[in-house]
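Structure, as C-alpha cells:
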Amino acid sequence: MFPLGRSPLPVLVTAFGAILVTLAVMVMASDSVGRALVARHENEVQLAELLYSTDRLQTRVTEQVNAYTDFLRAPAPIRLQLYQAAHQAVRDQVARLREAARQRPDLQPDAERLETVTARWEAELREVTRQAVERQDGSPLLTPELGALIDELALSYTDAIRDYAETLEDLRRDNRQTGQTLADQFQAVVRIGGGIGALLVLGVGLVSILTIRRSLWELALSRRAIVQAQESIRRDVAERLHGEVQGKLLALELQLRQALAQLDRDTSGARQSIEAIAERLGVVRDTTRAVSHQLHPAILRMGLPAALRSLRDGLEPSVSVMLEVAPEIEQRELRRSFGVAEGPP
C-alpha cells in the first residue's frame with residue numbers, strides 16, 4: 001500500500017476525501033432523482049385528471065346528441081332547455097381541455113381538433129335549431145339527412161376524443177417509462193456509490209492495519225536497538241573494568257607488595273613508592289568514575305540540552321557540531337532539573 005518509513009496520513013486523507021465526495025455525489029443524485037420522481041408523479045396525476053375529463057367530455061357529447069335529437073323530434077321549451085344545458089356542458093368541457101392543453105404543447109393539436117368539431121356543430125346546426133324554436137306547431141324537424149349529419153358530427157366528436165385519449169395514454173406510458181428509468185438510475189447510483197464506499201472503507205482499514213503493523217515493527221526495532229545499545233555499553237564497561245581498571249589494580253597491588261618488602265631495608269625508597277602508588281590510585285579512581293559516567297551520565301540530571309552539549313564537547317576537535325536550543329526549552333529543562341517545572345518534558 002505504501003512503503004515503510006512513509007507517513008500513511010496522505011493516503012488516509014485522500015481515502016476519507018473520496019468517501020466524502022462519493023457521499024456528496026450520492027446525496028446530489030438522490031435529490032435530483034427524488035425531484036424528478038416527484039415531478040413524474042405530479043405529471044401522472046395531471047394526465048389522469050385530463051383522461052377523466054376526456055371521459056366526461058364523451059359523456060357530455062352523448063347527452064348533447066341525445067338531447068338535440070329528442071328536441072328535433074318534438075320541439076318543446078323544456079327540451080330546448082335540456083339541449084342548451086347539454087350543449088353548454090360540452091363547450092365548457094372543451095374549454096377546460098383547451099386550457100389544460102396550453103400548458104402541454106403535445107396536447108394542443110388534439111384540443112384544437114375538438115374545438116373545430118364544436119365550431120362545426122354550432123355552424124351547421126344553428127339554423128335548424130333556430131327554425132325549431134320559431135315553429136309553434138310542434139311538428140318534428142328530424143329528417144334522415146339531418147339525422148345523418150348529427151351522427152356524422154357525433155362520430156367526429158368520438159374520433160377526436162379517442163385521439164385525445166390515446167395521446168394522453170401515450171404520455172402516461174412515456175411518463176411511467178421515465179419514472180422507471182429514473183428509479184433504475186437511482187438504484188445504479190446507490191449500488192455504485194455503495195461499492196465505491198465499501199472499497200474505500202476496506203482500503204482505509206487496510207491502510208490502518210498496515211500502519212499499525214509498521215508501528216509495531218518500528219517499535220520492535222527501536223526496542224531491539226535500545227537493547228543492543230545497552231548491551232554494547234555494558235560490554236564496553238565490562239571490558240574497561242576487567243581490562244583497564246583491573247589491570248591497573250593488579251599492577252598497584254604488586255607495587256604495594258614490593259613497597260612493603262622494601263620498607264625494612266629502605267624506608268625512604270618505600271615511602272616514594274607508596275606515594276607513586278597513591279598517585280596511580282587517583283588515576284584508577286578517575287577511570288572508574290569515567291566508566292560509571294558511561295553507565296549513567298550525571299549531566300542528564302541537568303536536562304537534554306546540557307547533556308547534548310557535554311556530548312558535543314567530548315568529541316574530537318576535528319569534529320564540528322552546531323547545537324541550537326530554543327531559549328524557552330533550555331530554561332524549562334533547567335527548572336525541571338531543580339524540580340520546579342511542570343508539564344511533559
Side-chain angles (χ1 to χ4, degrees), residues 39-178:
R40 188 205 66 83
H41 177 71
E42 294 176 350
N43 191 27
E44 179 69 19
V45 172
Q46 183 183 17
L47 292 174
E49 292 176 351
L50 290 175
L51 194 60
Y52 175 71
S53 299
T54 305
D55 293 337
R56 292 184 61 185
L57 176 61
Q58 181 64 56
T59 302
R60 297 290 183 267
V61 168
T62 302
E63 293 174 354
Q64 173 184 250
V65 172
N66 293 335
Y68 191 68
T69 303
D70 293 341
F71 166 68
L72 292 179
R73 285 196 180 99
I78 184 65
R79 291 182 178 175
L80 176 61
Q81 294 176 3
L82 291 176
Y83 161 67
Q84 290 176 343
H87 183 58
Q88 185 63 38
V90 171
R91 294 178 61 182
D92 293 342
Q93 196 67 30
V94 171
R96 293 191 188 95
L97 293 179
R98 177 61 177 170
E99 184 66 24
R102 291 178 181 175
Q103 302 176 2
R104 305 185 67 95
D106 41 9
L107 293 177
Q108 288 185 2
D110 295 319
E112 291 175 356
R113 183 180 176 186
L114 286 172
E115 284 189 341
T116 301
V117 176
T118 303
R120 182 185 172 192
W121 176 285
E122 294 178 354
E124 297 184 10
L125 298 180
R126 183 185 300 115
E127 182 63 25
V128 177
T129 305
R130 185 185 64 79
Q131 293 177 6
V133 172
E134 291 179 351
R135 294 184 62 172
Q136 301 295 329
D137 55 0
S139 60
L141 293 178
L142 185 63
T143 62
E145 294 78 7
L146 185 58
L149 177 60
I150 294 174
D151 291 340
E152 180 187 354
L153 292 173
L155 183 61
S156 298
Y157 261 125
T158 301
D159 292 340
I161 293 172
R162 185 186 64 249
D163 293 342
Y164 188 86
E166 289 178 354
T167 302
L168 289 176
E169 289 293 345
D170 293 339
L171 292 176
R172 292 184 68 184
R173 190 180 305 108
D174 294 340
N175 187 53
R176 292 171 182 172
Q177 184 64 33
T178 301

Which pair of heavy atoms, one from [X] and one from [Y], lies closest together, and at what distance?
{"X": "Val61", "Y": "Val90", "result": "N-CG2, 3.7 Å"}
{"X": "Gln108", "Y": "Arg98", "result": "O-NH1, 3.7 Å"}
{"X": "Val117", "Y": "Ala160", "result": "CG2-CB, 4.5 Å"}
{"X": "Ala86", "Y": "Ala67", "result": "CB-CB, 4.3 Å"}

Distance from [X] atom [atom1] to [Y] atom [atom2], nearest 0.5 Å?
{"X": "Tyr164", "Y": "Leu114", "atom1": "OH", "atom2": "CG", "result": "7.5 Å"}
{"X": "Arg162", "Y": "Thr167", "atom1": "CZ", "atom2": "OG1", "result": "11.0 Å"}
{"X": "Gln177", "Y": "Arg40", "atom1": "CD", "atom2": "CZ", "result": "11.0 Å"}
{"X": "Gln64", "Y": "Gln93", "atom1": "CD", "atom2": "CD", "result": "12.5 Å"}
{"X": "Leu155", "Y": "Asp151", "atom1": "CG", "atom2": "CG", "result": "8.5 Å"}
{"X": "Leu80", "Y": "Leu72", "atom1": "CG", "atom2": "CG", "result": "10.5 Å"}

**Request:** Can you sort out the partners of Gln58 under side-chain contact (heavy atoms from CB on, under 4.5 Å), two or more places apart, ordered by chain and number?
**Result:** Thr62, Thr158, Ile161

**Request:** Tell me, please, which residues at least two apart from Arg91 pass side-chain contact (heavy atoms from CB on, under 4.5 Å).
**Result:** His87, Gln88, Thr118, Glu122

**Request:** Name all residues meeting the salt bridge (Lys or Arg N to Asp or Glu O under 4.0 Å) criterion together with Arg96; count only those two or more places apart in sequence or in a different chain, and write none if there are none.
**Result:** none

**Asked** Is there a side chain to side chain contact (heavy atoms under 4.5 Å, CB included) between Asp92 and Arg60 once you walk through the steps?
**Response** CA-CA 10 Å; Asp92 293 342; Arg60 297 290 183 267; over 6 Å; no

**Message:** Taking the side chain as everything from C-beta on, heavy atoms only, tell me whether Asn43 gets closer than 4.5 Å to Arg104.
**Reply:** yes

**Item:** Within-4.5 Å side-chain heavy-atom neighbours: Asp170 and Asp106
**Value:** no

**Request:** State whether Asp110 and Arg113 are salt-bridged, where the test is any N-O pair (Lys NZ or Arg NE/NH1/NH2 against Asp/Glu carboxylate O) under 4.0 Å.
**Result:** no

**Request:** Tell me, with the steps shown, if Leu171 and Asn175 meet side chain to side chain contact (heavy atoms under 4.5 Å, CB included).
**Result:** CA-CA 6 Å; Leu171 292 176; Asn175 187 53; over 6 Å; no

**Item:** Verdict with supporting geometry, Val65 and Thr69, side chain to side chain contact (heavy atoms under 4.5 Å, CB included)
**Value:** CA-CA 6 Å; Val65 172; Thr69 303; 4.2 Å; yes

**Prompt:** Parallel, tilted or perpendicular for Tyr83 and Tyr68, by the 30°/60° rule?
**Reply:** tilted

**Request:** Using side-chain contact (heavy atoms from CB on, under 4.5 Å) as the criterion, point out the one residue from Thr116, Leu149, Ile150 that pairs with Trp121.
**Result:** Ile150

**Request:** Quick one: do Leu125 and Leu153 satisfy side chain to side chain contact (heavy atoms under 4.5 Å, CB included)? Show the steps, please.
**Result:** CA-CA 10 Å; Leu125 298 180; Leu153 292 173; 3.9 Å; yes

**Prompt:** Looking only at atom types and distance, does a side-chain atom of Glu115 sit under 3.5 Å from a main-chain N or O of Val94, one as donor and one as acceptor?
**Reply:** no

